[in-house]
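Position 1 is the first residue of the sequence, and the numbers go up from there. Whatever order the structure lists ligands and atoms in, that order sets their numbers, starting from 1.
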Amino acid sequence: MAPKAIIAPSILSADFAQLGADCARTMDQGADWLHVDIMDGHFVPNITFGAPVVAKIRKHVDRPTENHGRGTFDCHMMIAEPKKWVKEFQKAGCDLYCFHYEAAFSSAAESPEGKTDAKTNPKDLIRYIHDCGLLAGIALKPMTGVEVLTELLESPDAKERPDMVLIMTVEPGFGGQKFMASELPKVQALRQKYPDLNIEVDGGLGPGTIDQAADAGANVIVAGSAVFGAQDPAEVISLLRNAVNKASA
Ligand SMILES: O=C(CO)[C@@H](O)[C@H](O)COP(=O)(O)O
Ligand SMILES: [Fe+2]
């Protein structure tokens with residue numbers, strides 16, 4: 001049985017002119033996490049926003065209501081220098097810092113000790129993210145195979161193990177793209193080997209594609225246009241959750 005279903009609407013499809021209100025409403029509609037897409041115009045050909053905006057929306061989502069608690073900010077860092085921004089995002093209210101494997105090797109930034117490493121690697125970056133008090137996720141673009149993660153996922157040191165793997169089911173950069181079912185064997189392979197791992201899928205997920213992703217073993221579901229574009233977002237969130245729970249029962 002896979003870990004519990006986590007539904008994480010991508011706020012890339014929210015109305016940026018009223019982002020705080022949209023985020024709070026989405027939590028009230030039943031979201032577990034908010035998926036926050038950070039794009040730098042280098043790693044991907046699109047730009048979104050940075051830590052100051054995350055800090056502002058945090059305030060809207062932190063308000064106490066009957067329907068939701070704090071709301072986990074799942075920050076999907078589509079940026080060329082992931083190490084550089086860990087502390088800024090931690091201060092802004094990020095909970096889970098998910099960087100791209102493909103970006104980690106070229107990242108230059110200050111280490112916790114104040115030294116500058118010209119190069120880092122995924123293992124050191126995961127340790128650094130954990131040392132900063134955040135959960136660590138690692139994301140793979142469609143062209144990257146899951147075998148690159150074996151050493152990390154099987155590390156005897158929990159500080160070096162990712163808390164979540166994100167399998168992209170579109171090329172990162174834009175919302176509203178077509179779901180790539182060709183990525184699902186990666187999810188299947190991970191689920192077979194790691195029954196307790198949080199496996200997130202991102203890109204093109206919605207009522208028409210969720211069953212395939214859930215059957216493959218994904219339990220963390222990102223959906224942008226399918227949730228924010230729906231007449232009844234609460235119904236879509238619940239449909240996504242039921243599909244995951246049914247597949248993992
Ligand atoms: O990371 C990305 C795109 O790069 C995603 O998080 C998208 O924002 C998901 O949008 P939909 O495909 O669900 O509309
Ligand atoms: Fe994303």
*Tell me the residues surrounding ligand 1, counting only those with a heavy atom closer than 4.0 angstrom, sorted by chain and number.*
Ser10, Leu12, His35, Asp37, Met39, His76, Met78, Met168, Pro172, Gly173, Phe174, Gly175, Gly176, Asp202, Gly203, Gly204, Val222, Ala223, Gly224, Ser225

_Any side-chain donor near an acceptor of the partner, Asn245 and Asn242, under 3.5 Å_ = no

*Is it true that Asp62 and Lys59 make a salt bridge, defined as a side-chain N closer than 4.0 Å to a carboxylate O?*
no

*For the student: nearest non-hydrogen atoms of Thr144 and Glu102, plus distance*: OG1-OE2, 2.6 Å

*Count up the protein N, O or S atoms sitting under 2.8 Å from the Fe ion (ligand 2), would you?*
4

*List for me each residue that meets side-chain contact (heavy atoms from CB on, under 4.5 Å) alongside Leu239, sequence neighbours excluded, and say none if there are none.*
Pro207, Ile210

_Is the shortest side-chain heavy-atom distance between Pro172 and Pro142 below 4.5 Å?_
yes

*Grab the two heavy atoms, one from Asp74 and one from Ala8, that are nearest each other, plus how far apart they are.*
OD2-CB, 4.2 Å

Enumerate, atom names and distances included, each donor-acceptor pair closer than 3.5 Å involving a side-chain atom of residues 212-222, sequence neighbours excluded.
{"residue": "Asn219", "atom": "OD1", "partner": "Arg191", "partner atom": "NH2", "Å": "3.2"}
{"residue": "Asn219", "atom": "OD1", "partner": "Ile199", "partner atom": "N", "Å": "2.8"}
{"residue": "Asn219", "atom": "ND2", "partner": "Lys4", "partner atom": "O", "Å": "3.0"}
{"residue": "Asn219", "atom": "ND2", "partner": "Asn198", "partner atom": "OD1", "Å": "2.8"}

*Charged N to carboxylate O below 4.0 Å: is that the case for Arg241 and Asp32?*
yes

*Evaluate the side-chain proximity of Phe99 to Ile129: yes if any heavy-atom separation is below 4.5 Å, no if none is.*
yes

